[in-house]
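Quick note on labels: first sequence line is chain A, next is B, and so on, each numbered from 1.
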2 protein chains.
Amino acid sequence: MLNLNEQLVHLLGRQIIQGKILPGTLLPKVEVMSEQYAVSRTVVREALKGLSSRKLVVSIPKKGTVVCARNEWQWWDPEVLSWACEDTPDYNFLQQLTEMRLAIEPTSSELAAKNATQEDIKNITDSFQKLESSAVNRSESEWAIADYNFHQSIMAASHNELLINLGNLLRNALLQSRQETIKGYSNDEKDSSISKEQALILHKNVYLAICKRNSIEARQTMYDLILNVNKILEKGKEKIKNEIKMNF
Amino acid sequence: MLNLNEQLVHLLGRQIIQGKILPGTLLPKVEVMSEQYAVSRTVVREALKGLSSRKLVVSIPKKGTVVCARNEWQWWDPEVLSWACEDTPDYNFLQQLTEMRLAIEPTSSELAAKNATQEDIKNITDSFQKLESSAVNRSESEWAIADYNFHQSIMAASHNELLINLGNLLRNALLQSRQETIKGYSNDEKDSSISKEQALILHKNVYLAICKRNSIEARQTMYDLILNVNKILEKGKEKIKNEIKMNF
DNA sequence: TAATAAATAATATCTGATACTTAATTATAT
DNA sequence: ATATAATTAAGTATCAGATATTATTTATTA
């Protein structure tokens, strides 16, 4: 279980990110919040530290604690991303995430082709083979995990800590965002299996380019892959949107 | 001036990021640090909150507070990045930053070509014209500012909050990192001016592609631009490395 | 009227006490 | 002897009351 202050960070952070508390809002003073949430002032203050280090609020003596503008928020914080993903099916945010992927992944692949060690190549090979077998087994969940690991193994081979860190944040956010969005809609076991063969080919192109140490090709094939994934996702979005419409 | 707890966050954060305190290290218990730094326990605890929200440390009852592994650190936090940039000329880190740019900027340009409003185009045009005039004036500092603004105006036109946020972090880190690294070496006013005309052409290609709304070309031209910038930076690095060698 | 001083309202800080958590150790029972 | 249960110890987590600091607003004075 989380600490009291962490619970409060989550409670307030979520409300801020999800627009329940708007930027510019003056939060109640510490003593009031202390009473309101039935915790000590210490806990409230420590929670405010958690929020201010994420640039969600700023505390000013005599004035109080105010909610920061969206452009000051530390979006690339795991908690902030998570709160944003929790927000009711937000296609706009999901799109931003996939656009980020289009930025990160090709470079990741390019650097992997340049910098991969023998061990990295082995890891990438392993994860690619798992992807192949999951395509044969036609298990959607197995594919998802294998896909996650494939991309992670490539990113690891880039040997760029910043990129790896960002990639992890992004992958987790996408995973969560998709789960939240899909929640309730279509237990999609094997419904996109038609395109699995095609997807596997795209993955194979990336894999081979990296093994060949062809960084230009590695970048290009990964770009093609992500673009294709995004297109499929796009279709899924449309479908869900229509389902939602039909309910009204 | 910063709060006491913020001062302590910086002091400890810097030491952790810069490897003066290694991952796995058990920090002294709160009471001891309180005495050591001559601040109250409250201040120490709030500072630890600042560090733990950046995943630099984790506090465990009975055990104490331990420094997290590098791969857990929240690299994409402005303070963390800043502390990393402060670290003695670290070419490896600088290279990671430039590699990140190679990831971000082409996508930024691509999205700008797709999503730019009329106002965005105007801003980009303005910043490009400033760039042109600074090239004519051959002022290195003026060019640096104009260049910064040019890339920022493009990123703003992507209308992707996540990308914009990351871009700002990256640009600032790069700026700081370059300043720290170059510090003392070569007041490079006009020493790279030979390639200014060439650089301007590359920028113009990007600018025109975006105006034409050609997203593929926008992506490609930006890629070429950043690649070229990196090459120049690479040369500078070599030069500095040699200078350092000569001093020993 | 303008400059200065006092009052005010919030955060920032200090302190001592208490609760909680967990690992290790010791005691107990089988 | 071994498994289980109770005890203890060492740290963080939490509480609450008092004081300091700071920036604004209000009152006072030249």
May I ask you to check whether over 12 heavy atoms, not counting those of [X], lie within 6.0 Å of atom [atom1]?
X: A:Lys55; atom1: NZ; result: yes
X: A:Glu86; atom1: CD; result: yes
X: A:Glu119; atom1: CD; result: no

Sort out for me which residue in B:Leu12, B:Ile16, B:Thr25, B:Val66 forms a side-chain contact (heavy atoms from CB on, under 4.5 Å) with B:Val57.
->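 It is B:Ile16; the other options fail the test.
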For [X] and [N], give me the distance from atom [atom1] to atom [atom2], rounded to whole Å.
X: A:Glu46; N: D:dA13; atom1: CD; atom2: P; result: 8 Å
X: B:Asn3; N: C:dC14; atom1: CG; atom2: P; result: 11 Å
X: B:Leu8; N: C:dA12; atom1: CG; atom2: C1'; result: 15 Å

Determine yes or no for a side-chain-to-main-chain donor-acceptor pair under 3.5 angstrom, with B:Trp75 supplying the side chain and B:Arg70 the backbone.
->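 Yes, the answer is positive, given that a donor and an acceptor are paired below the 3.5 Å cut-off.
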Counting side-chain heavy atoms from CB outward, which of [options] is closest to [X]?
X: B:Ser40; options: C:dT11, C:dT13, D:dA13; value: C:dT13
X: A:Arg41; options: D:dA16, D:dT12, C:dT11; value: D:dA16
X: B:Arg45; options: D:dC15, D:dT12, C:dT15; value: D:dT12

Classify the nucleic acid contact of B:Leu4 as base, sugar-phosphate or nothing, counting any heavy atom under 4.0 Å across all strands shown.
->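 B:Leu4: backbone/sugar contact only, no base atoms under 4.0 Å.
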Provide a list of protein-nucleic acid N or O atom pairs under 3.5 angstrom, restricted to nucleotides 7-10 of chain C.
residue	atom	partner	partner atom	Å
C:dA10	OP2	A:Lys29	NZ	2.9
C:dA10	O4'	A:Lys62	O	3.4
C:dA10	N3	A:Lys62	N	3.4

Near-strand residues of residues 31-39 of chain B, defined as heavy-atom separation under 4.0 angstrom from DNA chain C |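 Contacts with DNA chain C under 4.0 Å: B:Val39.
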Show the numbers, then the answer: is there a side-chain hydrogen bond (donor to acceptor under 3.5 Å, both in side chains) between A:Asp120 and A:Thr117?
-> CA-CA 5 Å; A:Asp120 291 326; A:Thr117 63; 3.0 Å; yes
Between B:Phe150 and B:His203, does the ring centroid distance fall short of 6.0 Å?
->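 B:Phe150 vs B:His203: aromatic centres under 6.0 Å.
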Salt-bridge contact A:Lys130-A:Asp126 (side-chain N to carboxylate O under 4.0 Å) =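 Judged by the 4.0 Å cut-off on N to carboxylate O distance, A:Lys130 and A:Asp126 do not form a salt bridge.
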Any side-chain N or O of A:Asn5 less than 4.0 Å from the OP1 or OP2 oxygen of D:dA13?
->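 No, no such contact exists.
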